[in-house]
Amino acid sequence: MMTTLDSPPLGLLLADIVRGHRPRTEAGSVPANIPHLQSPPFDRFGIAVATTSGEVFRSGDADLPFSIQSISKVFTLAMALSADDSGSLWSRVLREPSGTSFNSLVQLEVEHGIPRNPFINSGALVVTDHLMERSPDAAAQVLRFLTGQVGQPGPFIDEIAARSELSSSSRNLALAHFLKEFGNLRRPAQAVVENYVRQCSIMMTCVEVAKAGLFLAQDGRGAQGAVISRSEAKRIGSIMLTCGMYDAAGEFAYRVGLPGKSGVGGGILAIVPGECAICVWSPRLDSKGNSLAGTAALADLSDRTGWSIF
Ligand code: GLU
């Protein structure tokens with residue numbers, strides 16, 4: 001595992017990152033519309049690094065499950081691209097940063113039902129719809145995929161949380177109905193949103209997310225062989241860099257210099273191509289929906305290790 005010469009061994013470095021970044025005060029916010037995301041204490045902070053040489057380093061609350069939320073969108077995209085029929089996906093969703101909030105309705109209407117990218121909610125709904133062609137229980141497919149990459153049971157769908165989120169999913173339903181109206185959704189809007197919310201409600205630890213994301217750091221090769229091709233791994237990394245952090249992707253690229261994907265559960269998956277996958281989790285969010293402490297910790301880690309794609 002390569003780090004810069006003056007940085008301590010990775011285990012010690014992660015412990016130091018936890019000491020420096022675990023929140024001491026209740027700064028930041030939690031999503032008002034998703035009740036279960038309000039329960040983790042503000043001072044939870046975990047980080048894990050899974051390396052391409054097969055090691056896993058962890059510190060802090062790295063073994064506590066959290067709600068992966070939009071980090072799931074990276075995995076559903078990889079699954080959709082790994083299927084033989086993936087050619088058609090890119091006629092249904094673009095690959096441009098949106099510059100608007102992740103659940104914006106306005107842009108979708110102006111752009112005739114073609115979402116800007118697969119990481120905003122409308123784009124992720126299209127990807128979920130695409131996966132439902134293979135099996136109507138897309139969320140179960142995602143869970144199987146994640147369990148396979150982690151190598152042991154661990155990830156689970158918090159069905160109670162999903163039901164509660166579903167009862168306040170009017171906006172996602174509105175997006176799905178817009179997509180349907182524009183002919184860009186094949187399954188019923190309600191069924192797609194249900195699968196989407198269940199995939200977002202998957203609970204995983206930092207260690208599990210880092211292990212599951214490792215295929216993106218090693219040319220598409222995961223725990224059970226090739227998930228996607230090397231070119232597709234490069235492309236997903238590019239979409240993470242430009243679209244992975246809501247409308248703060250530019251700021252994250254500036255501060256961290258790595259492809260990343262965040263979720264409103266407070267998790268962030270970051271990829272160091274050829275080296276490792278990193279997952280950091282701390283539940284309080286900044287105004288754009290990204291983990292406040294998690295982003296600061298990744299900026300610090302990349303400065304101290306030299307990990308960056310630039
Ligand atoms: N389930 C959340 C929603 O659809 C995911 C949001 C996110 O993590 O970006 O609003």
Side-chain angles (χ1 to χ4, degrees), residues 28-40 65-77 93 97-105 107-108 115-129 131 138-139 142-143 146 157-179 185 189-204 206 209 213 239-240 242-249 252 260-270 279-292 294-295:
S29 60
V30 283
N33 64 325
I34 309 183
H36 64 283
L37 298 183
Q38 292 158 22
S39 48
F66 66 91
S67 185
I68 66 169
Q69 294 293 315
S70 280
I71 298 176
S72 64
K73 294 170 183 171
V74 175
F75 300 117
T76 52
L77 177 62
V93 56
S98 74
T100 59
S101 72
F102 62 94
N103 53 11
S104 169
L105 286 156
Q107 195 170 51
L108 188 62
R116 275 288 176 100
N117 67 68
F119 293 160
I120 53 174
N121 287 14
S122 52
L125 288 166
V126 168
V127 175
T128 299
D129 185 52
L131 287 181
V142 181
L143 187 64
L146 291 171
I157 301 176
D158 184 340
E159 298 283 3
I160 295 173
R163 271 201 297 280
S164 121
E165 183 180 338
L166 207 52
S167 64
S168 56
S169 284
S170 309
R171 187 172 271 269
N172 284 329
L173 278 163
L175 289 168
H177 283 291
F178 257 138
L179 290 164
L185 211 64
Q190 177 75 29
V192 176
V193 172
E194 269 175 35
N195 266 285
Y196 165 77
V197 167
R198 288 175 65 233
Q199 110 201 2
C200 287
S201 301
I202 292 176
M203 301 288 291
M204 292 174 77
C206 289
V209 172
I239 301 171
M240 289 172 79
T242 51
C243 313
M245 305 297 291
Y246 310 118
D247 43 337
F252 185 83
K261 181 73 203 88
S262 61
V264 294
I268 304 174
L269 169 65
C279 178
V280 62
W281 169 59
S282 190
R284 293 302 171 109
L285 310 177
D286 63 19
S287 61
K288 300 288 171 65
N290 297 311
S291 173
L292 207 51
T295 305

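In each ligand, atom 1 is the first atom listed, and ligand 1 is the first ligand listed.
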request  = Tell me the residues surrounding ligand 1, counting only those with a heavy atom closer than 4.0 angstrom, sorted by chain and number.
outcome  = I34, Q69, S70, F102, N121, E165, N172, Y196, C200, Y246, G263, V264
ask   = Is the shortest heavy-atom distance from the side chain of N290 to the side chain of F252 under 4.5 Å?
value = no
query = So, do F102 and M245 sit near enough that their side-chain heavy atoms are less than 4.5 Å apart?
reply = no
Which pairs of donor and acceptor atoms, one on a side chain in residues 118-125, lie under 3.5 Å apart (sequence neighbours left out)?
residue	atom	partner	partner atom	Å
N121	OD1	K73	NZ	2.6
N121	OD1	Y196	OH	3.1
N121	ND2	N172	OD1	2.9
N121	ND2	Y196	OH	3.4

ask   = Which residues pass the side chain to side chain contact (heavy atoms under 4.5 Å, CB included) test with S101, sequence neighbours left out?
value = N103, S104
R284 (side chain) donor-acceptor with S29 (main chain) under 3.5 angstrom = no
Side chain to side chain donor-acceptor pair (under 3.5 Å) against N117, all qualifying residues, sequence neighbours excluded = none
